[in-house]
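FYI, side chains are in, hydrogens and waters are out, and symmetry mates aren't considered; it's all heavy atoms of this structure. Residue numbers run from 1 in the order of the sequence given.
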Amino acid sequence: MSDDLESGVANRLAELGIGFERYEHPPVATVDEAEQHWTGIDATHCKNLFLRNQKGNRHYLVVLLHSKRADLRAVADQIGDGKLSFGSPERLMTHLGLTPGSVSPFGLINDAGHSVYVVLDRDLESSARVSFHPNINTRTYVISTADFLRFLDAMGNVVRYVTV
């Protein structure tokens, strides 16, 4: 199954003409666990949070620099929604086809209804290259930020920028 998760991402990137660098490492579920494996990977590493609004009728994928801490109230204020909280593992699977510890923008390939809103940290715009799990937490893909934005555009989800 894990190879299927990764191959879906690799195939979609190939369809879009997006090249990537691939790195393997032991399973990592948090930024703290991943940091030791990023040595030698020249990219801006990201933290990805799957959130829901208080009513549970809107879901967000917040992508920010790995070193930042997200103030959920400030993010909610900037996107014009009420209180935000973490989405359950069931919601994560339903909307992005992912499990906790593997949250990634590449999960958007599983969001056929484009129901998840993408919220990007403005500071990512100044990065040349970004890294994400390819929907499995034993691999890391690095792509150019320009290609990442092209990927998001091709997915068709609403994208908003915030200051984190």
Take a 6.0 Å sphere around NZ of Lys83 and say whether it holds more than 12 heavy atoms from other residues, nucleotides or ligands.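 Open: at most 12 neighbouring heavy atoms sit under 6.0 Å from NZ of Lys83.
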Does the side chain of [X] reach to within under 4.5 Å of the side chain of [Y], using non-hydrogen atoms?
| X | Y | result |
| --- | --- | --- |
| Leu120 | Val159 | yes |
| Leu49 | Val103 | no |
| Val119 | Val75 | yes |
| Val142 | Val130 | no |
| Tyr117 | Asn157 | no |
| Val63 | Leu124 | yes |
| Leu64 | Val62 | yes |
| Leu72 | Ser85 | no |

Would you say [Y] ends up clustered with [X] if hydrophobic residues are merged whenever their side chains have heavy atoms under 4.5 Å apart, either directly or through other cluster members?
| X | Y | result |
| --- | --- | --- |
| Val9 | Phe148 | yes |
| Ile109 | Phe20 | yes |
| Tyr23 | Ile136 | no |
| Phe86 | Ile79 | yes |
| Leu149 | Met155 | yes |

Which atoms form the tightest heavy-atom contact between [X] and [Y], and what is the distance?
| X | Y | result |
| --- | --- | --- |
| Ser127 | Thr145 | O-OG1, 2.7 Å |
| Asn48 | Pro105 | OD1-CD, 3.4 Å |
| Arg139 | Pro134 | O-CD, 3.2 Å |
| Arg69 | Lys47 | CA-NZ, 4.3 Å |

Pair Leu108, Asn110 - check side-chain contact (heavy atoms from CB on, under 4.5 Å), show working. CA-CA 5 Å; Leu108 295 170; Asn110 301 317; over 6 Å; no
Would you say the side-chain atoms of [X] pair up with the backbone N or O of [Y], donor to acceptor, closer than 3.5 Å?
| X | Y | value |
| --- | --- | --- |
| His95 | Ser115 | no |
| Arg129 | Ser144 | no |
| Asp4 | Gly8 | no |
| Ser102 | Leu98 | no |
| Arg52 | Gln54 | yes |
| Asp111 | Leu96 | no |
| Asn135 | Gly107 | yes |
| Asp147 | Ile143 | no |
| Ser104 | His133 | yes |
| Thr30 | Glu33 | yes |

Find the distance between [atom1] ([X]) and [atom2] ([Y]) and round it off to the nearest 0.5 Å.
| X | Y | atom1 | atom2 | answer |
| --- | --- | --- | --- | --- |
| Arg12 | Leu16 | CZ | CG | 4.5 Å |
| Phe106 | Leu5 | CZ | CG | 13.5 Å |
| Asp121 | Leu65 | CG | CG | 4.5 Å |

Residues in side-chain contact (heavy atoms from CB on, under 4.5 Å) with Ser126, at least two apart?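 None.
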Could you identify which residues cluster with Val28, counting Ile, Leu, Val, Met, Phe, Trp and Tyr as linked when any side-chain heavy atoms lie under 4.5 Å apart, either directly or through a chain of such contacts?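 Members other than Val28 - counting any ILVMFWY side chain reachable under 4.5 Å - there are none.
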Side chains of Asn53 and Tyr60, donor plus acceptor under 3.5 Å: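 No pair is found: no donor N or O on one side chain lies under 3.5 Å from an acceptor on the other.
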Any donor-acceptor N or O pair under 3.5 Å, side chains His25, Thr140: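 Yes, because at least one side-chain N or O of His25 sits under 3.5 Å from a partner of the opposite role on Thr140.
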Looking only at the aromatic ring of each residue, does the gap between the centers of Phe50 and His59 stay below 6.0 angstrom?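 So the answer is yes for these two rings.
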Is the distance between the ring centroids of Phe132 and Tyr141 less than 6.0 Å?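 Ring centroids of Phe132 and Tyr141 are no less than 6.0 Å from each other.
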With sequence neighbours excluded, what pairs up with Glu24 under the salt bridge (charged side-chain N to carboxylate O under 4.0 Å, His left out) test?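 Residues passing salt bridge (charged side-chain N to carboxylate O under 4.0 Å, His left out) with Glu24: Arg22.
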Which class fits the ring pair Trp38 and His66: parallel under 30°, tilted 30 to 60°, perpendicular over 60°?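 Perpendicular.
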